[in-house]
Trainee: 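Okay, here's the structure, questions in a sec.
Note on naming: letters A, B, ... go to the chains in the order of the sequence lines (proteins, then strands), and numbering restarts at 1 for each one. All values below were derived from every heavy atom in this structure, side-chain atoms included, with hydrogens, water molecules and symmetry-related copies excluded.
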Protein chains: 2
Amino acid sequence: MRYVQRAEYGVPPATSVDDGDPLFVQAIARAMQVLSAFHDTGKPLTLNEIAAQSGMGRSAAQRVVHTLRQLGYIERDADDRGYVPGIRVLDHTRDYLRLNPLVVRASPVLMELRRNVRERVDLSLRDGLRLVYAARLQSKRETFFATLVGQSVPIYCTSGGRAVMAHLSDAEVDEIIARSDRREITPKTITDPEEIRAKVREARENGYALALEEILQGEIAIAAALLAPDGTPLGAIHIAGSLSEWDAETYCRRFAPLVAEAAGALNRF
Amino acid sequence: MRYVQRAEYGVPPATSVDDGDPLFVQAIARAMQVLSAFHDTGKPLTLNEIAAQSGMGRSAAQRVVHTLRQLGYIERDADDRGYVPGIRVLDHTRDYLRLNPLVVRASPVLMELRRNVRERVDLSLRDGLRLVYAARLQSKRETFFATLVGQSVPIYCTSGGRAVMAHLSDAEVDEIIARSDRREITPKTITDPEEIRAKVREARENGYALALEEILQGEIAIAAALLAPDGTPLGAIHIAGSLSEWDAETYCRRFAPLVAEAAGALNRF
DNA sequence: GGACAAAGTATCGCTATGCGATACATTTGT
DNA sequence: ACAAATGTATCGCATAGCGATACTTTGTCC
């Protein structure tokens, strides 16, 4: 069942604070490390846990947490048993979504697409080795946590990821494959480099990419890439459904044109 | 038309850096001020604008921006004309939503509610004088930007706000009214203190609150409060629809029981 | 096309600022 | 009731970050 849920795939390794860059501001990096300590937990954290997670001393953690608390980026858990992220982070979510030009341009297209298909429609954006979901139009069935903004999936084994890789050079694809931590997220996850490359070639030919249960059992997803004017893939549009209602072939025949058309509309210029 | 859109209501005034607190970490406050500079803009910001907005010198802004950029919290705009928030902020969004117990508990109830009503269903959480939307299950019609996570509305003139105030003492209500910047967001916005108090009393009697076009023209919203075990209101569940399809009375009769029931289910314990 | 303006980048010395060490208070569990 | 763990507070030193300034690049106007 729950092969996935908690994990963040390929979250960039906590950027080392003391890299050579002289323009680096320690305290800020520390603050972000503290906030990032929550990425790997499912429950509120104590001060010591935060300190450990973010690799700094108790004192430092204490002061950072204190400050972030004042600012509303960290809160005490409801029953005062630990710390959790604060509501102020949502303000920045809004800013990100509002100011990202791709999200802005894509959203009416996504809404329209959602009207035509009764399945879930997602917009994901590339960040290194992963795709981060930025906009999600849920279908009636799934749980809220299957549709969290900010959730991310690896590129190497997802429909959106392969749609993105289809627009990268072979060398870049190889690098993604090499650098990715290719775990079998479900038994169906394709992790073999050669198979992945084959899937990418397939996506190049079709203009869309397909993934079957590679992230979540029972899930089928089809995706097409969104491109910058210069052709760089920035992310993808996904349509995700359930294998309890569709077989792969029908799903493809039905939704491939729609997802390709939606992406195409956004890639013209 | 677009009375609202861009504005953030009652975003806490940029927390002063040099308040008395000796445990205060400047650099972190600075970082957050820089990120918050985007709250008030609709376009990418230049370094100077960021510096001005966040009330610090060019140098400081430069260094903070540089750092946040390294960490992925700020990015260059697509066509390199300014800075925008970076995708890393979405990681924290996810953490917030995952770790907030109310969001966790409420989401299945919201999904169920959304299945029964064909209108938009929202969960908002209180933050001072405003309600911040944390979960939004959109209906088919509206634009994506009407349903942004992180968007916030003032308490004094919204259905959710009045549902929340219904569970506060009169003194607390008065304080909210007094401290709020009560603008007429639409011509229908109720800004008169006595009228607001009347609406709150009404909400107390009914167990739900109603608002007609006070934020957005043509919008009708009904809400019920979510409470902590001790009775403190933490937020609200909303059902929002369009007056082009409903008259107020029918809307109420139809949805009041549903929203009250949903909130009730969550308030039992 | 050449000059001017505006945005971004880099450098450097001083001191305000944040860290480590440590000790105290408060809560939790057995 | 005691021990262990968590949160809070204090303080002096060294360093990390700020202001001032100057350099480079990019865009715009005539």
Side-chain angles (χ1 to χ4, degrees), chain A residues 14-35 37-38 41 43-71 73-86 99 229-230, chain B residues 14-35 37-38 41 43-71 73-86 99:
Chain A
T15 325
S16 82
V17 172
D18 45 21
D19 80 5
D21 193 332
L23 267 184
F24 219 82
V25 182
Q26 279 247 15
I28 296 180
R30 292 239 152 93
M32 289 341 209
Q33 275 173 15
V34 164
L35 283 179
F38 294 103
T41 184
K43 59 169 212 351
L45 296 177
T46 72
L47 227 151
N48 293 315
E49 288 171 323
I50 291 177
Q53 263 292 324
S54 42
M56 61 178 81
R58 279 175 53 84
S59 272
Q62 174 194 183
R63 317 185 92 242
V64 173
V65 166
H66 178 87
T67 303
L68 288 173
R69 202 134 87 92
Q70 300 249 334
L71 299 174
Y73 294 96
I74 284 185
E75 291 166 9
R76 216 81 234 294
D77 179 42
D79 29 63
D80 208 46
R81 299 183 138 283
Y83 298 101
V84 292
L99 293 171
D230 69 356
Chain B
T15 325
S16 81
V17 171
D18 44 24
D19 82 2
D21 192 331
L23 266 185
F24 219 83
V25 182
Q26 280 249 15
I28 296 179
R30 292 235 151 95
M32 289 341 208
Q33 274 172 16
V34 163
L35 284 178
F38 295 101
T41 184
K43 57 167 212 356
L45 295 177
T46 72
L47 199 68
N48 293 315
E49 289 171 322
I50 291 177
Q53 263 293 323
S54 42
M56 60 179 78
R58 279 174 54 81
S59 271
Q62 175 195 181
R63 315 185 92 244
V64 173
V65 166
H66 176 87
T67 303
L68 288 174
R69 202 134 87 91
Q70 301 247 335
L71 300 174
Y73 293 97
I74 284 186
E75 292 167 8
R76 217 79 235 295
D77 179 43
D79 27 68
D80 207 46
R81 298 184 136 283
Y83 299 100
V84 292
L99 293 172

Trainee: Would you tell me if any nitrogen or oxygen in the side chain of B:R58 comes within less than 4.0 Å of OP1 or OP2 on C:dG8?
Mentor: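 No, no such contact exists.
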
Trainee: With no hydrogens and no angle check, do the side chains of B:H66 and B:Q70 hold a donor and an acceptor under 3.5 Å apart?
Mentor: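 Their side chains do contain a donor-acceptor pair, which is all the 3.5 Å distance test asks for.
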
Trainee: Looking only at the side chain of B:A60 (C-beta and beyond, no hydrogens), which of the listed nucleotides D:dA16, D:dG19, C:dT17 gets closest?
Mentor: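 Of the candidates, D:dG19 comes closest.
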
Trainee: Going by atom types only, do B:Q26 and B:R30 share a side-chain donor-acceptor pair under 3.5 Å?
Mentor: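 A donor-acceptor contact under 3.5 Å links the two side chains.
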
Trainee: With a 3.5 Å cut-off and heavy atoms only, can you find an N or O donor on one side and an acceptor on the other between the side chain of B:S59 and the base of D:dA20?
Mentor: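 Yes.
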
Trainee: Which comes earlier along DNA chain D counting from the 5' end, the contact point of A:T46 or that of B:M56, where each point is its nearest nucleotide?
Mentor: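 Residue closer to the 5' terminus by nearest nucleotide: A:T46.
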
Trainee: Can you tell me which nucleotide in D:dG7, C:dG8, C:dA7 comes closest to the side chain of B:L47?
Mentor: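 Taking heavy atoms from C-beta onward, the closest nucleotide is C:dG8.
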
Trainee: Side-chain N or O of B:R81 versus OP1/OP2 of C:dG8: is the shortest distance under 4.0 Å?
Mentor: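 Answer is no, no contact under 4.0 Å.
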
Trainee: Between B:R30 and D:dC18, is there a contact of a side-chain N or O with OP1 or OP2 at under 4.0 Å?
Mentor: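 It does, given that an N or O in the side chain of B:R30 lies less than 4.0 Å from OP1 or OP2 of D:dC18.
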
Trainee: Surrounding CZ of A:R81 (heavy atoms of other residues, nucleotides or ligands, distance under 6.0 Å), is the total greater than 12?
Mentor: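 No, not enclosed.
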
Trainee: Nearest heavy atom decides the nucleotide; on that basis, is B:V64 or B:D79 closer to the 5' end of DNA chain D?
Mentor: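 Its nearest nucleotide lies further toward 5', so the answer is B:V64.
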
Trainee: Look at the side-chain N and O atoms of B:R76 and state whether any lies under 4.0 Å from the OP1 or OP2 oxygen of C:dG8.
Mentor: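 For B:R76, the contact criterion (side-chain N or O under 4.0 Å from OP1 or OP2 of C:dG8) is met.
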
Trainee: Between B:R69 and C:dT9, does any side-chain N or O lie under 4.0 Å from OP1 or OP2?
Mentor: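 Yes, such a contact exists.
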
Trainee: Quick one: is B:R63 getting a side-chain N or O under 4.0 Å of the C:dC12 phosphate, OP1 or OP2?
Mentor: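 False: B:R63 side-chain N/O out of range (4.0 Å or more) of C:dC12 OP1/OP2.
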
